[in-house]
Protein chains: 4
Amino acid sequence: MSDERIEAGARDAEAGPRFTVAEASLEPIYMQLASQVKRHVASGMLAPGDELPSVRRLANDLGVSKMTISKAFQLLESQGCLVRRRGRPLVVSDGVPRRAGPAVELLRPTLERAAQEASELGLTPEQALQLFGNVLSAADTRRTVKSKMPAAMPAA
Amino acid sequence: MSDERIEAGARDAEAGPRFTVAEASLEPIYMQLASQVKRHVASGMLAPGDELPSVRRLANDLGVSKMTISKAFQLLESQGCLVRRRGRPLVVSDGVPRRAGPAVELLRPTLERAAQEASELGLTPEQALQLFGNVLSAADTRRTVKSKMPAAMPAA
Amino acid sequence: MSDERIEAGARDAEAGPRFTVAEASLEPIYMQLASQVKRHVASGMLAPGDELPSVRRLANDLGVSKMTISKAFQLLESQGCLVRRRGRPLVVSDGVPRRAGPAVELLRPTLERAAQEASELGLTPEQALQLFGNVLSAADTRRTVKSKMPAAMPAA
Amino acid sequence: MSDERIEAGARDAEAGPRFTVAEASLEPIYMQLASQVKRHVASGMLAPGDELPSVRRLANDLGVSKMTISKAFQLLESQGCLVRRRGRPLVVSDGVPRRAGPAVELLRPTLERAAQEASELGLTPEQALQLFGNVLSAADTRRTVKSKMPAAMPAA
DNA sequence: GTGGTCTAGACCACG
DNA sequence: GTGGTCTAGACCACA
């Protein structure tokens, strides 16, 4: 992860999903957030019925406008992923637990893109796989180092 | 590669680089093209001195505006990747063969993104690696099957 | 129609859909617009493939912000009613011609509300029907008077 | 009335006004309630001097916050429709029995909106009228069927 | 010219 | 406190 990311949520002992945006990315911020929420739902990090961080807090933590967060949430609501309740934080819908199949399927598009790029780069599948292995290890290490505590208990 | 892609180049006996764009993608077409050219250069598919297809032809084949192709080339020229010569097609610069290190490095950002997503999806590195293996195999198979004619050999 | 409405589109000989917003209404402007577009599609006033007025023009004519128009269109796109094409005006989708059944069904919710209110007002169905008849006549008259020409030919 | 409605009042032998709110509606609940009370007053279902259900009871029956009920009542009080007396339930004011003319006038705005929508849908006044007739019949039937007990007589 | 993204801030509705 | 709506204006991407 060479690009700078701004993080929000789940710090310290708090056990919640982490939200990050890559400012440098060309992908609109609200889309980064929306797909991130979907991944957190797919992973179980966000369960149906869970409340999301408030728009204001996220906007503040991530350093983006309230409207941008709102837009992300609105997109997710239009896709049936979140539900609105008057005057309450948004909540993960329980009607549509996983609309794109199991968690693993949400990763496929990115990997397909990687495969396409690897092919254009003239890399063999083996080379591509090995590089991914390296990248995964590096990420894992970084993560492990970062949180010295056993990752915050799952069911706090 | 579930999304529809429009292809151009490397047909018949001609063994040249293949250009494709995903209309549905949110990534600007000119950027898709520019990064694709860079990958072809990194892979050696396009060597320094090689001529690129004409703007008109690419625009026609890919079904996009000439402006869009121009913009991609313009971007590459401004990065020193292509050079323009009076009334001639653009050629690959030999001054800056690989500005991002070996080919493998151009794949890293996408894989880092995949790793980040895998982590958010709660997948283990092993699961992510396995899925990538599947995807690479599928892509390889598809490619092999597709080109019955001895056109451009599958990079491997 | 006692409330003031700001109109846009389809003036003079131009035969296009008319867009209006009621400023005084509590219904958000973008929702007023979105449901209006749906009605125009259901009526055939807007056919699949037709382009909508540009965001800027509508915003200007209706005296609202560009973002507000954009939000209405975005909502319609998320419902599959409009489709976006790079750098072109939005267009009525042909994939989902009428997702709520025939035109008449789009009127039902409002009439159900009216029926509920009539009942609470202690009106008999006959009284309610008669009042609706009066209102329809009034509207019809007003419309006829307004456009002295034969309403602009349907298939211009 | 396809939307779910939560009801309160007029149960058992008690013959009083019925209050309902549509949770899913975008219209604020307190406004739904306030306009409903006005209709009940216009219909005579609530006569000047009649007491309204207590805030607590309505809140409980309708499953909304007491604040919301209070807000509705406050609005009505500020409009002179209800009057507050020390420690007693609110009663219908006799000063302003029908501030918008006869009952039928309270229905007009909704019917005007329906007429506007019908026009945008390309329906003839005859079609619109017929649909309203159907809707009124359906509502009437449902109501008759629903109340097997000789509770509050259907208004007719 | 088209639409899209984002911001900063004001104001509203609901609890 | 929550989210929603709207604005005015800046900047970007695409034709």
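A, B, ... follow the sequence lines: proteins, then strands. Residue 1 opens every chain.
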Check: Between F:dG3 atom C1' and A:L82 atom CG, what is the distance in whole Å?
Finding: 12 Å

Check: Mapping A:S54 and B:V64 onto DNA chain F by nearest heavy atom, which one lands closer to the 5' end?
Finding: A:S54

Check: Distance check: side-chain N/O of C:Y30 vs OP1/OP2 of F:dC6, anything under 4.0 Å?
Finding: no

Next item on the list: Nearest whole angstrom, please: distance from the C1' of F:dA13 to the CZ of C:R88.
Entry: 15 Å

Note to self: Just the rounded figure in Å: distance from P of F:dA13 to CG of B:L33.
What the structure shows: 15 Å

Checklist line | Distance-only polar pair, side chains of C:Q36 and C:T20, donor-acceptor under 3.5 Å | finding: yes

Note to self: Looking at C:M31, is its backbone amide N or carbonyl O close enough to the side chain of C:S35 to form a donor-acceptor pair, meaning the two atoms are under 3.5 Å apart?
What the structure shows: yes

Notebook entry, point to check: D:E23 CD to E:dA13 P: how many Å, rounded?
Noted result: 17 Å

Check: Taking NZ from D:K71 and P from E:dG15, how many angstroms apart are they, rounded to a whole number?
Finding: 8 Å

Margin query: What's the closest nucleotide to the side chain of A:P89 if the choices are F:dT2, F:dT5, E:dC6?
Written below: F:dT2

Check: Does the C:R86 side chain pair with the main chain of B:E23, one donor and one acceptor, at a distance under 3.5 Å?
Finding: yes

Check: Tell me, do C:I69 and C:L33 make a side-chain contact under 4.5 Å, heavy atoms counted?
Finding: yes

Item checked: A:Q32 side chain vs A:A22 backbone, donor-acceptor pair below 3.5 Å -> yes

Notebook entry, point to check: Starting at the 5' end of DNA chain E, which residue's closest nucleotide do you reach first, D:I29 or C:G87?
Noted result: C:G87

Check: Within this structure, what is the CD1-to-C1' distance between C:I69 and E:dT2, rounded to whole angstrom?
Finding: 15 Å

Detail all sub-3.5 Å separations between protein N/O atoms and N/O atoms belonging to nucleotides 9-12 of chain E.
none

Check: Going by distance alone, is a donor N or O of one side chain under 3.5 Å from an acceptor N or O of the other, for B:E120 and B:Q116?
Finding: yes

Item checked: Upstream residue (5' side of DNA chain E) when C:L26 and C:L90 are each assigned their closest nucleotide -> C:L90

Item checked: Euclidean distance, atom CD of residue C:Q32 to atom P of F:dC6 [Å, nearest integer] -> 8 Å

Check: Start at the 5' end of DNA chain F and walk down; is the nucleotide closest to C:T68 or to A:E77 reached first?
Finding: A:E77

Notebook entry, point to check: Between D:D61 and D:L58, is there a donor-acceptor pair closer than 3.5 Å when you use the side chain of the first and the backbone of the second?
Noted result: no

Note to self: In whole Å, I'd like the distance from the CG atom of A:L75 to the C1' atom of E:dT5.
What the structure shows: 14 Å

